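Owing to the predicted nature of the structure, the values given are computational and were not obtained by experimental measurement. Order of the sequence lines fixes the chain letters, A, B, ..., with proteins taken first and strands second; residue numbering starts at 1 for each chain. In what follows, every heavy atom counts, from backbone to side chain, and hydrogens, waters and symmetry copies are set aside.
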There are 2 protein chains.
Amino acid sequence: MGETGALIPFGTVRASVRTSARAGQAANGRGERAARPAAEPLWREVLGDQLRALRRERGETLIETSGRAGISPQYLSEVERGIKEPSSEMIAAMAGALDVSLVELTLGVAETLRAVRPAAGTARASVSASASAAGRYGAFALAA
Amino acid sequence: MGETGALIPFGTVRASVRTSARAGQAANGRGERAARPAAEPLWREVLGDQLRALRRERGETLIETSGRAGISPQYLSEVERGIKEPSSEMIAAMAGALDVSLVELTLGVAETLRAVRPAAGTARASVSASASAAGRYGAFALAA
DNA sequence: CGTTTTGTCTGCTCGCAGCGGAATTCCGCG
DNA sequence: CGCGGAATTCCGCTGCGAGCAGACAAAACG
């Protein structure tokens, strides 16, 4: 496969996962964590989209991919939807099941993040892809 | 700061975190999870090294950086050493405290992973850096 | 040398990872 | 169109790890 880093069409706004109530109490002296940039998605959201895109590129079902990764299809579904935060071992297993290296997977995540918020001086992502990606995570931020 | 993706000198072999005994039972019909490539490090290890490198580049202590991130210094130490798997919110907070975007952080992780296992066709990392990185994660793989 | 600062170790709690059964949605077929 | 099977999502559960704070060790400083 190896076609990583492709920009990913996105789905719905996510249920949130752990956001520890105790974390972030001291961040900037106002009881707030250091603010993450507006509209910047969370790692697990982008990772999940990347994994689903890779699986669908292979034309596979949750059951097929999860079987090779040694995890339950229900859990893979939740990871792909950004609902659960997988461990590094799980990430490695899923990458292996999809025949991509961790490098390729991580680069794919970075490319998707860049599409949402292009860094100065980097090659511009296509307009429609940027708009699509920005719309998805932008909506998330606004909903939050 | 923004100087991400620099190759990172590494430390000791890690205590491991959760590796669910139930995960991976069905991976390849032999009760094994799909094998991750030999000597490929785990995401949390490389992330931790990246965070520590960034903090040290700023000339900061655990207490300073963790204070801005809104987390405990003991916890930041464990994350940097690859002992704990932080949530996406924690990762975002730490990135913010270090003045890097998630893109930059992720690219830095990808670069470090590539140094361990250069992909075909990419620019070769320096020999000593590659040897250093490979030695660190290679030892881990052998110990495992 | 003593003191301070920095980083690591350790035990704790509480909330979630990862699971599996059930429910819902999707899809191909007649 | 309805139907059956496949695929995906929902939901509740439990074991265990995230994240913490006190204690300890190591390093730095005067």
| query | For residues B:E104 and B:S101, is any side-chain donor paired with an opposing acceptor at under 3.5 Å? | reply | yes
| query | For B:T65, which residues count as a side chain to side chain contact (heavy atoms under 4.5 Å, CB included) partner, sequence neighbours excluded? | reply | B:R55, B:E60, B:R68, B:L76, B:A97, B:L98
| field | Integer-rounded Å distance: D:dA18 P and A:E85 CD | value | 11 Å
| query | When every nucleotide of nucleotides 2-12 of chain C is labelled 5' to 3' by its protein contacts under 4.0 Å (heavy atoms), B for base, S for sugar-phosphate only, - for none, what sequence of letters results? | reply | ----SSBBB--
| query | What's the shortest heavy-atom distance between A:T112 and A:Q50, and which atoms? | reply | OG1-OE1, 3.5 Å
| said: Between A:R58 and A:D99 (salt bridge meaning N to carboxylate O under 4.0 Å), is one present in this structure? | reply: yes
| Atom CD1 of B:I91 to atom P of D:dA18: distance rounded to whole Å? | 12 Å
| note | Those residues at least two apart in sequence (or on a different chain) that pass side chain to side chain contact (heavy atoms under 4.5 Å, CB included) with B:Q74 are B:S72
| Could you state the CG-C1' distance from A:L51 to D:dT8, rounded to the nearest angstrom? | 16 Å
| query | For D:dG17, does OP1 or OP2 lie under 4.0 Å from any side-chain N or O of A:S87? | reply | no
| field | Between C:dA17 (C1') and A:W43 (CH2): distance, integer Å | value | 17 Å
| Atom-to-atom span, CD1 of B:I71 to P of D:dG17 - whole angstrom | 20 Å
| task | Write out all pairs satisfying ring-ring contact (aromatic ring centres under 6.0 Å, His included) with one or both partners inside residues 61-80 of chain A, taking only residues at least two apart or from two chains. | result | none
| field | Sequence-distant partners of A:S88, side chain to side chain contact (heavy atoms under 4.5 Å, CB included), two or more places apart | value | B:L42, B:W43, B:R44, B:E85
| Can you find a pair of side-chain heavy atoms, one from A:L113 and one from B:L107, that are under 4.5 Å apart? | no
| task | Please round to 10 degrees the angle between the axis of the first five pairs and the axis of the last five pairs in the helix from C:dC1-D:dG30 to C:dG30-D:dC1. | result | 50°
| Tell me: CE of B:M90 to P of C:dC16, nearest whole Å? | 11 Å
